[in-house]
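One structure is given here, and the rest of the page talks about it.
By convention here, the first residue in the shown sequence is residue 1.
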Amino acid sequence: MPRPERLLDPTAGPLEEFAHTLRGLRKQAGNPSYRTMAKRAHYSVATLSEAARGLHKPSLKVTLAYVTACGGDPEPWTRRWYRLSSELEARDNPARGQPRGAGRPATSPSAADRRPGPGASPAAARRAEPRAAARAVAPPVAAARRPAGDALTAGERAELRRLRSEVEQLRHANAVLKAASAIFAADLRTNSQVVYNPDGRQDP
């Protein structure tokens, strides 16, 4: 009897949520055994079960093999895997997700950023107006260059195409093995038939 999987709390973190979603896909596929999935995906039972434990991030190849064994679509799962990687990287390295200068002690504004006070001269007020207008009109460059959250890069699309090709090759190899196994079983049944000698005749 297979050992029951460990309980998961999908709200505990991105790894647990990812593993919980993998288990949900397996449940939608009729809850096939990991042994059956291993035959379809050409990965070991331990590797596939570890992918849905929620303790470690599985590789992209193992994730897509798990998904394919359950009849899932690899493309949205590729996006999920890259999103998980980004979330884990941001969690492990919080300083990378902060804007430049975050965490540093506040410094006094430079002379170029100081606004003239109520008693400033008209010339100082005129010098400050163009700078303030430029700051108000110029869009933030980082926001303009930020890609969409679920968009795949060219490299990711190429990797997805390569993995799909590998999955198709594995499916073809699996079909060939099944056909060869059926032929071998039929030959084995034929060779194992008992030859019956009537009238008690014995072979010399």
For this session: Treat each ILVMFWY residue as a node, draw an edge where side-chain heavy atoms are under 4.5 Å apart, and state whether L8 and V62 are in one component.
Result: no
Problem set entry | Value rounded to 0.5 Å, distance of NZ in K57 from CZ in F18 | 9.0 Å
Exercise. Is there side-chain contact between Y82 and L60, with at least one heavy-atom pair below 4.5 Å?
Worked result: yes
For this session: Would you give the length of the straight line joining atom CH2 of W77 to atom OG1 of T63, rounded to the nearest 0.5 angstrom?
Result: 8.0 Å
Problem set entry | From C70 atom SG to M37 atom CE, the distance as rounded to the nearest 0.5 Å | 3.5 Å
For this session: Verify the neighbour count for atom CG of L55: are there more than 12 heavy atoms of other residues, nucleotides or ligands below 6.0 Å?
Result: yes
Exercise. Taking only residues two or more places apart in sequence or in another chain, which ones pass salt bridge (charged side-chain N to carboxylate O under 4.0 Å, His left out) with E50?
Worked result: R53
For this session: Identify the two heavy atoms, one from A65 and one from A41, that lie closest to each other, and give their separation to 0.1 Å.
Result: O-CB, 3.6 Å
Exercise. Is R91 salt-bridged to E87, cutoff N-O under 4.0 Å?
Worked result: no
Problem set entry | Flag for Y34-Y43: side-chain donor and acceptor within less than 3.5 Å | no
Seminar exercise, completed: When rounded to the nearest 0.5 Å, the distance separating CG of L88 from CG of L15 is 4.5 Å
Problem set entry | Main-chain N/O of A52 paired to R23 side chain as donor or acceptor, under 3.5 Å | yes
Problem set entry | Contacts of N31 that satisfy side-chain contact (heavy atoms from CB on, under 4.5 Å) - sequence neighbours left out | R26
Exercise. Can you tell me how far the CZ atom of R83 sits from the CD atom of E17, to the nearest 0.5 Å?
Worked result: 8.5 Å
Exercise. Can you check whether T68 reaches R40 side chain to side chain, under 4.5 Å on heavy atoms?
Worked result: no
Exercise. Looking only at heavy atoms, what is the nearest atom pair of R35 and V45, with distance?
Worked result: CA-CG2, 3.8 Å
For this session: Return the minimal non-hydrogen interatomic distance between A19 and A51, and the atom names on each side.
Result: CB-O, 4.4 Å
